[in-house]
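Working notes, beginning with the structure itself.
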Amino acid sequence: MKLAVACDHRGYEAKRRLHPLLKRLGHDVEDFGCDGTSAVDYPDHAAPAAGAVADGRCDAAILMDGSGIGMSIAANKVRGVRAALAHDEVTARRAREHNHCNVLCLGTDLLSEDEIRQIVEIFLTTPYGDGRHTRRVGKLKALEEEERARPDAAVTPNLAALQAQPGQFPQMPS
């Protein structure tokens with residue numbers, strides 16, 4: 001499987017330690033940063049990694065920050081992404097089986113290294129469920145398309161502009 005991996009400064013050490021496991025499991029890893037423990041803005045790394053999943057360059061993504069919440073919010077802004085914040089083996093398995101999630105988000109301040117490894121392995125090895133789950137995911141996709149088609153829908157901010165001005169908010173249409 002080709003995996004996109006990204007983190008902010010709070011998730012850097014966990015990402016660094018996770019790489020060897022992913023390689024050992026036979027996955028090809030594309031790293032979207034960050035590259036150290038100096039403070040960064042999580043959307044700068046979550047959005048490009050999620051975009052790689054949405055456009056098919058990667059099969060799934062693993063995103064890490066202190067709580068996992070920021071990465072999850074940012075990833076879910078990318079059309080075609082279903083990101084889940086998993087806290088344990090149950091939420092990791094259900095994210096795949098029930099919600100067909102293609103992005104796993106982890107809170108590295110809240111999980112041990114062993115818990116992170118277990119959650120990642122379960123997420124990557126659990127197949128998508130079918131039946132009622134497929135129907136429900138179809139409804140999520142329909143909601144996404146309806147929102148995209150709305151004439152008054154907010155314009156997606158330019159990621160390059162966001163990265164050029166870290167810490168500043170983009171101008172949103174009124």
Side-chain angles (χ1 to χ4, degrees), residues 1-128 137 156-164 166-167:
M1 193 180 293
K2 173 109 185 213
L3 301 174
V5 178
C7 65
D8 74 353
H9 54 285
R10 300 295 297 216
Y12 173 73
E13 288 299 327
K15 181 189 76 163
R16 186 181 62 75
R17 289 190 301 273
L18 187 60
H19 266 265
L21 170 68
L22 297 175
K23 298 277 190 188
R24 210 169 38 253
L25 293 173
H27 301 293
D28 183 18
V29 177
E30 186 172 346
D31 192 331
F32 287 86
C34 77
D35 299 321
T37 57
S38 296
V40 298
D41 297 330
Y42 56 83
D44 295 345
H45 302 284
V53 173
D55 71 18
R57 284 184 293 136
C58 293
D59 301 304
I62 301 168
L63 309 179
M64 295 168 276
D65 67 15
S67 69
I69 296 168
M71 287 291 200
S72 179
I73 292 169
N76 277 312
K77 299 293 182 188
V78 177
R79 189 165 50 94
V81 166
R82 286 175 309 285
L85 173 57
H87 299 288
D88 53 31
E89 295 177 24
V90 172
T91 53
R93 186 173 289 108
R94 289 208 178 145
R96 293 290 275 193
E97 285 179 348
H98 293 203
N99 306 111
H100 296 205
C101 287
N102 49 14
V103 175
L104 172 65
C105 300
L106 299 168
T108 60
D109 290 351
L110 309 172
L111 299 166
S112 71
E113 188 170 339
D114 285 340
E115 289 170 322
I116 289 170
R117 287 179 179 176
Q118 290 171 347
I119 291 167
V120 167
E121 286 188 52
I122 286 171
F123 183 83
L124 295 176
T125 58
T126 299
Y128 294 147
V137 171
T156 303
N158 179 322
L159 289 176
L162 285 176
Q163 290 173 337

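Values below: all heavy atoms of this structure, side chains included; hydrogens, waters and symmetry mates excluded. Keep in mind the model is a prediction, meaning the values are calculated, not measured.
- Taking the side-chain hydrogen bond (donor to acceptor under 3.5 Å, both in side chains) definition, one finds that H98 meets it with nothing, sequence neighbours left out.
- Summarising the geometry, atom OH belonging to Y42 is positioned 9.5 Å from atom CD1 belonging to I69; distances are rounded to the nearest 0.5 Å.
- A salt bridge is absent between D8 and R10: the closest approach of a Lys/Arg side-chain nitrogen to an acidic carboxylate oxygen does not fall below 4.0 angstrom.
- What you find for L111 and A86 is that their closest heavy atoms are CD1-O, 4.2 Å.
- Using a 4.5 Å heavy-atom cutoff, the side chains of I119 and I116 are not in contact.
- For S38, the side-chain hydrogen bond (donor to acceptor under 3.5 Å, both in side chains) test picks out no residue, with sequence neighbours left out.
- Pairing each heavy atom of A49 with each of A6, the nearest pair is CB-CB, 3.9 Å.
- Between D28 and M1, every side-chain heavy-atom pair lies at or beyond the 4.5 Å cut-off.
- The closest side-chain heavy-atom distance from Q118 to E121 is not below 4.5 Å.
- Here the side chain of T126 pairs no donor or acceptor atom with the backbone of F123 at under 3.5 angstrom.
- In this structure, the side chains of L104 and L63 stay at 4.5 Å or more apart for every pair of heavy atoms.
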Practice task
Mind running side-chain hydrogen bond (donor to acceptor under 3.5 Å, both in side chains) on H45 and D65 for me, showing each step along the way?
Solution key: CA-CA 10 Å; H45 302 284; D65 67 15; over 6 Å; no
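- At least one side-chain heavy atom of R57 sits under 4.5 Å from a side-chain heavy atom of E30.
- Residue pairs meeting the salt bridge (Lys or Arg N to Asp or Glu O under 4.0 Å) criterion with at least one partner in residues 90-106, sequence neighbours excluded, do not occur; the list is empty.
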Handout entry: Step-by-step ring pair (Phe, Tyr, Trp, His ring centres under 6.0 Å) determination, Y128 to H100
Key = CA-CA 5 Å; Y128 294 147; H100 296 205; 4.6 Å; yes
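- Residues V120 and I62 have side chains in contact (heavy-atom distance under 4.5 Å, counting atoms from C-beta outward).
- A heavy-atom distance below 4.5 Å is not found between the side chains of R82 and N99.
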